[in-house]
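Letters A, B, ... mirror the listed sequences (proteins, then strands); counts begin at 1.
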There are 2 protein chains.
Amino acid sequence: MTESLEPKRLTAWRAYIEASQRLFTQLEDDLRADSGLSFADYHVLVLLSEAPGQRLRMGELASRLVFSPSRLTYQITTMQRRGLVAREACPEDRRGSEAVLTAAGLLTLREAAPHHLASVRTHLMDDLDDDEVACLTRIFDRLGRRLRAERDTATHPSET
Amino acid sequence: MTESLEPKRLTAWRAYIEASQRLFTQLEDDLRADSGLSFADYHVLVLLSEAPGQRLRMGELASRLVFSPSRLTYQITTMQRRGLVAREACPEDRRGSEAVLTAAGLLTLREAAPHHLASVRTHLMDDLDDDEVACLTRIFDRLGRRLRAERDTATHPSET
DNA sequence: GGCCAGTTGTCAAAATTTGAACTAGTGCTA
DNA sequence: TAGCACTAGTTCAAATTTTGACAACTGGCC
């Protein structure tokens with residue numbers, strides 16, 4: 001089963017995927033337990049809190065989260081029901097709508113973040129030395145950039 | 001929102017989580033497209049193919065996949081429906097059952113693996129130099145080991 | 001030899017995700 | 001400025017996935 005990936009890289013791949021999967025489940029469990037938020041909920045709150053006017057177009061959110069349109073609609077609807085975000089009509093384009101962070105949403109994020117980040121520390125970061133942190137950043141920053149680019153050209157196949 | 005994670009580590013964390021999430025979606029899409037398998041399907045096939053007798057107890061599979069028991073039951077049921085695995089009663093413990101890899105399952109894995117590994121190469125590995133591969137292995141091997149241990153002590157809190 | 005605490009796995013119900021319409025709006029072309 | 005092709009986002013029903021209560025069984029312990 002090693003036909004096309006040399007052994008060292010296969011080992012790296014397996015270690016990475018297994019540990020990541022464990023890490024993500026662990027972090028999501030922690031997040032759920034002490035804030036009642038899913039990973040997606042949390043991510044939406046972070047994106048909105050950092051956006052100008054604490055609001056984002058649906059499409060923008062969908063592409064950042066890599067969610068299908070209807071999945072995003074559902075996601076925002078549930079968050080709206082819980083009072084974390086509100087929907088507002090978009091002024092410039094009347095087809096569109098925006099998700100806006102509510103005061104309650106911001107508060108929820110402020111309460112959740114320290115726990116969540118502590119969880120990231122204890123499960124991952126505290127165990128890494130500075131070189132490893134640098135290496136992690138280098139690898140995944142580059143990877144993220146490339147994957148974003150690939151996805152964009154897949155959507156707009158022509159812009160060469 | 002940076003209270004408890006120093007900036008460099010926060011950056012590393014964000015790069016890692018975003019890129020990983022994109023990578024996993026991308027790989028899963030590829031896998032689905034050319035083999036009709038989900039990540040979980042593939043992982044089950046790999047685990048079974050490497051197990052003695054190409055069979056594993058449900059509980060063992062569940063803990064390796066970090067799946068809840070009922071989630072695993074569902075997973076195996078769908079794979080059984082597609083003929084990839086079979087269920088057999090466990091001889092030693094009549095509560096238990098085992099998942100066994102079928103010939104069709106093995107064949108499916110043999111066909112899927114090269115494509116999947118190629119996908120891992122193009123989306124991730126080809127872009128890493130040897131140092132980065134080594135670093136990835138070191139970080140995630142250690143992390144995986146630790147998370148496995150944590151989970152075990154969480155289940156058996158007493159073995160000190 | 002019968003009881004009990006702890007496991008193992010299943011099943012029905014709830015939550016989530018998908019995908020194909022559909023509504024509404026935009027902005028180009030003629 | 002009417003027509004038309006395209007885009008934004010939602011809706012709804014069906015398919016998939018996950019959860020949580022439950023029934024079957026084990027292995028000690030009286």
Looking at A:S20 and A:I17, would you say the former's side chain and the latter's main chain have a donor-acceptor pair under 3.5 Å? no

Any luck finding a side-chain donor-acceptor pair between A:Y16 and B:T137 under 3.5 Å? no

Options C:dT16, C:dG25, C:dT18, nucleotide nearest the side-chain atoms of A:R32: C:dT16

From the list C:dT18, D:dT19, C:dT26, which nucleotide is the closest neighbour of the side chain of B:S68? D:dT19

Can you measure A:D29 atom CG to D:dT18 atom P for me and round it to whole angstrom units? 13 Å

Any side-chain N or O of B:R71 under 4.0 Å from OP1/OP2 of D:dT18? yes

How many Å lie between CZ on A:R82 and C1' on C:dA15, as a whole number? 12 Å

Length of the line joining B:R57:CZ and C:dT7:C1', which is rounded to integer Å: 9 Å

Under 4.0 Å, heavy atoms only, any strand: does A:R94 hit a base, just the sugar-phosphate, or nothing? sugar-phosphate

Mind calculating the distance between CZ (B:F67) and P (C:dT8) to the nearest angstrom? 18 Å

May I ask you to verify if any side-chain N or O of B:R87 is less than 4.0 angstrom from the OP1 or OP2 atom of C:dT10? yes

By the 4.0 Å heavy-atom rule, please label A:S70 as base, sugar-phosphate, or nothing. base

Just the rounded figure in Å: distance from P of D:dT17 to CD of B:E28. 9 Å

Inter-residue atom distance B:L45.CG - B:M79.CE, 0.5 Å rounding: 4.0 Å

Within the 4.0 Å heavy-atom criterion, would you say B:T73 contacts the bases, only the backbone, or no part of the nucleic acid? base

Give the minimum heavy-atom separation between B:L31 and B:S38, together with the two atoms involved. CD2-O, 3.6 Å

From CD1 of A:I76 across to P of D:dT11 the rounded distance in Å is 13 Å

Using a 4.0 Å heavy-atom cut-off across all strands, classify B:R81 as base, sugar-phosphate, or nothing. nothing

Check: A:F67 ring centroid to A:Y74 ring centroid under 6.0 Å: no

From CD of A:Q75 across to C1' of C:dA15 the rounded distance in Å is 12 Å

Atom-to-atom span, CE of B:M58 to P of D:dA24 - whole angstrom: 18 Å

Counting just side-chain N and O atoms, does A:Y74 come under 4.0 Å of either OP1 or OP2 of C:dT17? no

Taking for each residue the nucleotide of DNA chain D bearing the nearest heavy atom, is the 5' side occupied by B:T78 or by A:G96? A:G96

